[in-house]
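Please read the structure below before turning to the comments.
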Amino acid sequence: MNKKNLIIFLILLSVTFFSGCTGFTGNFSEKSGNIESIEDSGSGICGNDSEVLYQVSTIDALLQGVYDGVLPVAELETHGDFGIGTFDGLEGEMLALNGSYYQIKTDGIAYPVSGEMTTPFATVTYFEADESFRLEEPANLTELEAFLDLNLPSENLFYAVRVDGDFSYIKARSVPRQEKPYPKLADAVSTQSVFEFENISGTLVGFRTPEYVKGVNVPGYHLHFITEDRSAGGHVLDLEMESGDAALDITSAFFLWNFLPAETSITWS
């Protein structure tokens with residue numbers, strides 16, 4: 001195990017212990033005081049899968065141009081009905097809401113996703129609201145995030161974030177499919193398509209992750225948008241919200257898929 005993987009492992013181990021999912025099952029088991037590697041598909045991650053934030057790969061890998069899809073959407077769907085990510089070759093934005101998965105391409109259209117499609121990076125969970133708030137005052141993206149931050153039980157937890165509302169303006173993007181040799185993400189987004197929506201209703205889907213997982217996921221908020229009729233959307237760059245309803249789902253366990261070789265991947269319960 002290299003140094004970076006060891007650091008990630010220790011982070012995840014500490015998250016698991018503090019969340020109450022303290023016993024490893026699946027790919028690691030305890031025998032005579034030692035930990036030994038065993039094979040498992042990753043199912044049964046925690047006693048309650050609805051409390052698990054399930055992630056494929058890391059944001060650092062995506063930043064470095066690791067865009068090959070490694071997990072089929074059909075498998076990803078078994079770990080969550082809500083989430084965001086991207087697809088093989090960085091082709092478009094992924095958004096999952098109420099169990100339906102969409103691919104928002106560079107034309108801004110949200111397309112249904114087949115189970116055979118694969119993802120190089122995604123974060124999903126089963127959304128169950130733990131905190132809900134009514135947003136009566138207009139707010140831009142910075143103000144919305146600040147409002148949500150004021151209502152967080154803790155800045156050190158992982159949250160799934162859903163906001164249903166009316167927007168006077170939304171600026172969103174999608175990235176075209178990349179060809180090998182893959183460029184780094186900073187270069188890939190230079191060819192992004194940008195969409196602007198006005199006077200539209202829809203849903204923000206995403207996550208807020210703590211600062212201490214920088215490199216594993218995006219610290220702070222990472223939000224995607226889809227219209228109320230589920231026809232269009234994208235990765236949110238800016239917005240002006242008139243009113244709406246926000247909900248936070250506190251996820252007490254975190255599972256990172258395939259950050260180690262497959263034969264030593266980690267699950268717990």
Side-chain angles (χ1 to χ4, degrees), residues 4-5 8 41-43 45 52-125 160 172-195 205-207 209 215-218 222-226 230-237 254-265 267:
K4 184 173 182 180
N5 285 345
I8 296 172
S41 65
S43 60
I45 295 168
V52 177
L53 193 65
Y54 185 94
Q55 182 173 310
V56 179
S57 189
T58 68
I59 191 63
D60 261 6
L62 203 69
L63 288 169
Q64 295 302 315
V66 182
Y67 305 149
D68 285 334
V70 291
L71 190 74
V73 170
E75 171 65 19
L76 190 64
E77 289 174 328
T78 68
H79 299 289
D81 59 7
F82 176 98
I84 57 177
T86 187
F87 296 91
D88 181 63
L90 201 69
E91 186 177 12
E93 308 292 334
M94 176 191 292
L95 185 147
L97 180 61
N98 297 332
S100 296
Y101 279 66
Y102 302 91
Q103 179 186 30
I104 302 166
K105 297 186 179 182
T106 53
D107 55 7
I109 296 174
Y111 296 89
V113 174
S114 69
E116 293 75 24
M117 297 174 68
T118 57
T119 177
F121 176 80
T123 310
V124 301
T125 191
R173 70 120 190 266
S174 184
V175 180
R177 182 177 183 85
Q178 305 298 301
E179 302 298 332
K180 294 182 178 181
Y182 293 136
K184 292 186 177 181
L185 186 60
D187 296 318
V189 299
S190 66
T191 60
Q192 68 187 11
S193 295
V194 176
F195 327 112
V205 170
F207 298 91
T209 57
V216 177
N217 205 314
V218 179
H222 182 182
L223 302 171
H224 289 185
F225 171 74
I226 193 165
R230 310 295 188 250
S231 65
H235 171 99
V236 175
L237 300 175
F254 180 83
F255 175 79
L256 186 57
W257 187 89
N258 205 34
F259 73 92
L260 293 171
E263 66 272 14
T264 54
S265 60
T267 61

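Between the CZ atom in F87 and the CD atom in E93 there is a gap of 9.5 Å [rounded to 0.5 Å]. Atom CD in Q192 sits 6.0 Å away from atom CG in L237 (nearest 0.5 Å). Separation of atoms CG (L71) and OG1 (T118) is listed at 8.5 Å; rounding is to 0.5 Å. For the atom pair Q55 CD and T209 OG1, the distance stands at 8.0 Å (nearest 0.5 Å). How far OG of S57 is from CG of L256: 7.5 Å, rounded to the nearest 0.5 Å. In this structure, NE2 in H235 is found 8.5 Å from CG in L223, a value given to the nearest 0.5 Å.
Across T123 and F121, no two heavy atoms sit closer than the pair OG1-CZ, 4.2 Å. When all heavy atoms of P183 and E179 are compared, the closest pair comes out as CD-O, 4.2 Å. Here the closest heavy-atom approach between residue P72 and residue G115 is recorded as CB-O, 3.7 Å. The minimum heavy-atom distance linking H224 with M94 is given by the pair ND1-O, 2.8 Å. Residues Y182 and G89 share a closest heavy-atom pair of OH-CA, 4.0 Å. Nearest approach of Q103 to E91, heavy atoms of both residues: NE2-O, 2.8 Å.
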For this session: In sequence, state the C-alpha distance, the side-chain angles, and the governing distance for L185 and L90, and then conclude on side chain to side chain contact (heavy atoms under 4.5 Å, CB included).
Result: CA-CA 9 Å; L185 186 60; L90 201 69; 3.6 Å; yes
Exercise. After noting the C-alpha distance and the side-chain angles of H79 and T125, does the key distance pass the side chain to side chain contact (heavy atoms under 4.5 Å, CB included) rule?
Worked result: CA-CA 6 Å; H79 299 289; T125 191; over 6 Å; no
For this session: Decide side chain to side chain contact (heavy atoms under 4.5 Å, CB included) for L76 and V124; before the verdict, give the C-alpha distance in whole Å, the side-chain angles of both, and the deciding distance to 0.1 Å.
Result: CA-CA 8 Å; L76 190 64; V124 301; 3.8 Å; yes
For this session: Evaluate the criterion side chain to side chain contact (heavy atoms under 4.5 Å, CB included) for residue pair Y102 and R230; output intermediate values, then yes/no.
Result: CA-CA 9 Å; Y102 302 91; R230 310 295 188 250; 3.6 Å; yes
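If you check the side chains of T58 and N217, you find no donor sitting under 3.5 Å from an acceptor.
Residue Y54 forms a ring-ring contact (aromatic ring centres under 6.0 Å, His included) with just one option from W257, F254, F255, and that option is F255. With P120 as the fixed residue, the side-chain contact (heavy atoms from CB on, under 4.5 Å) test singles out one of D68, V66, V56, T86: T86.
Applying the ring pair (Phe, Tyr, Trp, His ring centres under 6.0 Å) test to F225 and every residue at least two apart in sequence or in another chain returns F167, F197.
The shortest distance between side-chain heavy atoms of L97 and F82 falls below 4.5 Å. Proximity of I109 to I104: side-chain heavy atoms (C-beta onward) are nowhere separated by under 4.5 Å. For the pair R173/S193, no side-chain contact is recorded, criterion being any heavy-atom separation below 4.5 Å from C-beta on.
Pairs passing the salt bridge (Lys or Arg N to Asp or Glu O under 4.0 Å) check and including a residue from residues 98-120, sequence neighbours excluded, do not occur.
With D88 contributing its side chain and G69 its backbone, the two residues share a donor-acceptor pair below 3.5 Å.
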